[in-house]
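Quick caveat: nothing in here was measured; it's all calculated off a predicted structure. Quick note: numbers below take in every heavy atom, side chains included, and nothing from hydrogens, waters or symmetry partners. By convention here, the first residue in the shown sequence is residue 1.
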Amino acid sequence: MPRRHRSKKKRLTLVLAPLAAVAVAVPLMNQAGAATPDEVTADCAADADTLENCEFVDVQFKRNGLGPNQRVSAVTDNCGTTGTASKTFNVSTSVTRTIQLEDGFTAAADTKIGNSVFEIGVKFNTSEINITRDDKTTALQFSRTDTVQADSIGFFMWSAKRTDVSGFLRATYKEEQNGQKVFFSPSEGATSVHVFYPQILKNGTPDGRLWLRNVKCGTPEASGLRNSTRALRSEPGFGAGGENVTDVDIPLTEIPAP
């Protein structure tokens, strides 16, 4: 009988222990939620006066990644012909350091987060790979004569080469919120905030992939391009345009320095 009583007490203790843990966890969770990740992101992006500091904390990185595929010249028409034609293209684009908080967010160097990503960029800038650490743009602009295929339209495509550094935001507020001043977005140790540092060649031009794209006239691909009013629009990558599209790589050594 006494042994049976002891067994019951053990079972009772095991049942109560998780309940006590839940009761303790509730106030801790409320405290941690004093500033939500979305609020932290918004305050950092706005360089809010309530912030003492906002830092980008890097966790991992990848060099030589390629950015979006963009059309960087006007479309030149050689439709209805049976022979190739030499056409002059004006190619123009630019690159800048961007932070993936919202579309196109760059953060000026005099902001808290802008200063932080500049400092982090210093350690990724090496003698082998030169990157753009601040929000200044670097241009790629030149004129070039190339061959457009028969019954085709031609234009230039570009994809910038960049160093992708991923991590999270650490915001320090001037005033405590429910007993704490430091909050994270989206969470401490996360890798979902990205800073893209464009890579620059030694001659001062952006590094990346440049190619001449020929698209057969009368195809859906050609119709979409000729009707587009956007100077820059996203396109399939090199060699991924389909059977009506021919891509020709242009060596970056052929691009004149600025």
Side-chain angles (χ1 to χ4, degrees), residues 61-79 87-106 124 129-132 135-149 151-166 192-201 203-256 258:
F61 73 96
K62 176 186 176 183
R63 295 194 189 274
N64 299 320
L66 290 174
N69 305 301
Q70 295 181 314
R71 175 165 57 90
V72 292
S73 77
V75 173
T76 297
D77 194 322
N78 195 34
C79 294
K87 302 285 185 178
T88 299
F89 297 86
N90 294 316
V91 178
S92 179
T93 189
S94 63
V95 296
T96 187
R97 181 212 64 203
T98 57
I99 307 170
Q100 191 175 285
L101 300 181
E102 54 191 51
D103 188 33
F105 184 75
T106 59
F124 292 102
I129 296 181
N130 179 40
I131 62 173
T132 297
D135 61 339
K136 296 177 182 177
T137 59
T138 303
L140 176 73
Q141 191 167 358
F142 62 93
S143 294
R144 176 185 171 96
T145 300
D146 269 284
T147 300
V148 179
Q149 295 177 355
D151 198 29
S152 298
I153 59 173
F155 54 94
F156 272 89
M157 292 287 300
W158 165 259
S159 182
K161 192 176 287 187
R162 58 195 188 178
T163 295
D164 174 5
V165 183
S166 56
S192 49
V193 175
H194 294 259
V195 180
F196 298 107
Y197 298 91
Q199 296 175 192
I200 308 299
L201 296 172
N203 66 1
T205 61
D207 195 1
R209 187 169 203 171
L210 180 72
W211 67 97
L212 176 64
R213 171 162 286 175
N214 280 267
V215 181
K216 284 292 183 183
C217 298
T219 62
E221 295 89 344
S223 298
L225 286 159
R226 295 176 77 181
N227 295 330
S228 173
T229 58
R230 288 181 292 166
L232 297 176
R233 73 173 208 167
S234 182
E235 300 286 349
F238 182 86
E243 61 181 357
N244 297 318
V245 177
T246 303
D247 292 331
V248 179
D249 246 329
I250 306 298
L252 295 186
T253 53
E254 298 182 13
I255 300 175

Chemist: Quick one: does NZ or CZ of R162 land under 6.0 Å from the six-membered ring centre of F196, within 45 degrees of the ring axis?
Modeler: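 Here R162 passes the 6.0 Å and 45° test against F196.
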
Chemist: Between D249 and R209 (salt bridge meaning N to carboxylate O under 4.0 Å), is one present in this structure?
Modeler: yes

Chemist: May I ask you to decide if T219's main-chain N or O and S223's side chain share a donor-acceptor pair within less than 3.5 Å?
Modeler: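 Checked: pair present.
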
Chemist: Measuring only between side-chain heavy atoms, which start at C-beta, is W211 closer than 4.5 Å to S159?
Modeler: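 In short, these two side chains touch, coming nearer than 4.5 Å.
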
Chemist: Check whether any side-chain heavy atom of R71 lies under 4.5 Å from a side-chain heavy atom of M157, and answer yes or no.
Modeler: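 Side-chain contact under 4.5 Å: yes.
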
Chemist: Taking the side chain as C-beta and beyond, is there a heavy-atom pair between L201 and L252 under 4.5 Å?
Modeler: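 Yes. Closest side-chain heavy atoms under 4.5 Å.
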
Chemist: As a quick check of understanding, evaluate side chain to side chain contact (heavy atoms under 4.5 Å, CB included) for F155 and V215, giving each step before the final call.
Modeler: CA-CA 9 Å; F155 54 94; V215 181; 3.8 Å; yes

Chemist: Would you check if N78 and Q149 make a side-chain contact, meaning some heavy-atom pair closer than 4.5 Å?
Modeler: no

Chemist: One pair to check against side chain to side chain contact (heavy atoms under 4.5 Å, CB included): L225 and I153. What are the steps and the verdict?
Modeler: CA-CA 9 Å; L225 286 159; I153 59 173; 4.0 Å; yes

Chemist: More than 12 heavy atoms of other residues, nucleotides or ligands under 6.0 Å from CD of E243: yes or no?
Modeler: no

Chemist: Roughly how far apart are C79 SG and K216 NZ, rounded to 0.5 Å?
Modeler: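 Taking SG in C79 and NZ in K216, the distance rounds to 10.0 Å.
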
Chemist: Evaluate the criterion side chain to side chain contact (heavy atoms under 4.5 Å, CB included) for residue pair I200 and I129; output intermediate values, then yes/no.
Modeler: CA-CA 7 Å; I200 308 299; I129 296 181; over 6 Å; no

Chemist: Do the charged groups of D164 and K62 touch, with an N to O distance under 4.0 Å?
Modeler: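 No, no charged N to carboxylate O under 4.0 Å.
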
Chemist: Does the side chain of Q199 pick up a donor-acceptor pair with the side chain of T163 at under 3.5 Å?
Modeler: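 T163 and Q199 do have a side-chain donor-acceptor pair below 3.5 Å.
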
Chemist: Please tell me if the side chains of F89 and T145 come closer than 4.5 Å, counting only heavy atoms from C-beta onward.
Modeler: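 Not in contact.
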
Chemist: Identify the two heavy atoms, one from G204 and one from T138, that lie closest to each other, and give their separation to 0.1 Å.
Modeler: O-CG2, 3.4 Å

Chemist: Check whether any side-chain heavy atom of I255 sits under 4.5 Å from a side-chain heavy atom of T253, and report yes or no.
Modeler: no

Chemist: Go through the steps to decide whether F61 and F124 satisfy the test ring-ring contact (aromatic ring centres under 6.0 Å, His included), and finish with yes or no.
Modeler: CA-CA 9 Å; F61 73 96; F124 292 102; 4.9 Å; yes

Chemist: For residues S73 and W158, determine if any side-chain heavy atom of one lies less than 4.5 Å from a side-chain heavy atom of the other.
Modeler: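 Sidechains of W158 and S73: no contact.
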
Chemist: Once rounded to the nearest 0.5 Å, what's the spacing between atom CG of N69 and atom CZ of F238?
Modeler: 11.0 Å

Chemist: Taking the basic N atoms (NZ, or NE/NH1/NH2) and the acidic carboxylate oxygens, is any pair closer than 4.0 Å for E254 and R144?
Modeler: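 Yes.
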
Chemist: Quick one: do T106 and T98 satisfy side chain to side chain donor-acceptor pair (under 3.5 Å)? Show the steps, please.
Modeler: CA-CA 4 Å; T106 59; T98 57; over 6 Å; no

Chemist: Regarding D135 and T96, is there a side-chain donor-to-acceptor distance under 3.5 Å anywhere?
Modeler: no

Chemist: Give me the atom names and distance for the closest heavy-atom approach of D247 to A240.
Modeler: OD2-N, 4.3 Å

Chemist: For C217 and A222, work out which heavy atoms get closest and say how close.
Modeler: CA-CB, 4.1 Å

Chemist: Which distance, rounded to the nearest 0.5 Å, do you find between the CG of N244 and the CG of N214?
Modeler: 12.0 Å

Chemist: Are any of the side-chain heavy atoms of I99 and H194 separated by less than 4.5 Å?
Modeler: no

Chemist: Report the C-alpha separation of D146 and F156 in whole Å, then their side-chain angles, then the decisive distance to 0.1 Å, and conclude whether the side chain to side chain contact (heavy atoms under 4.5 Å, CB included) test is met.
Modeler: CA-CA 10 Å; D146 269 284; F156 272 89; 3.3 Å; yes

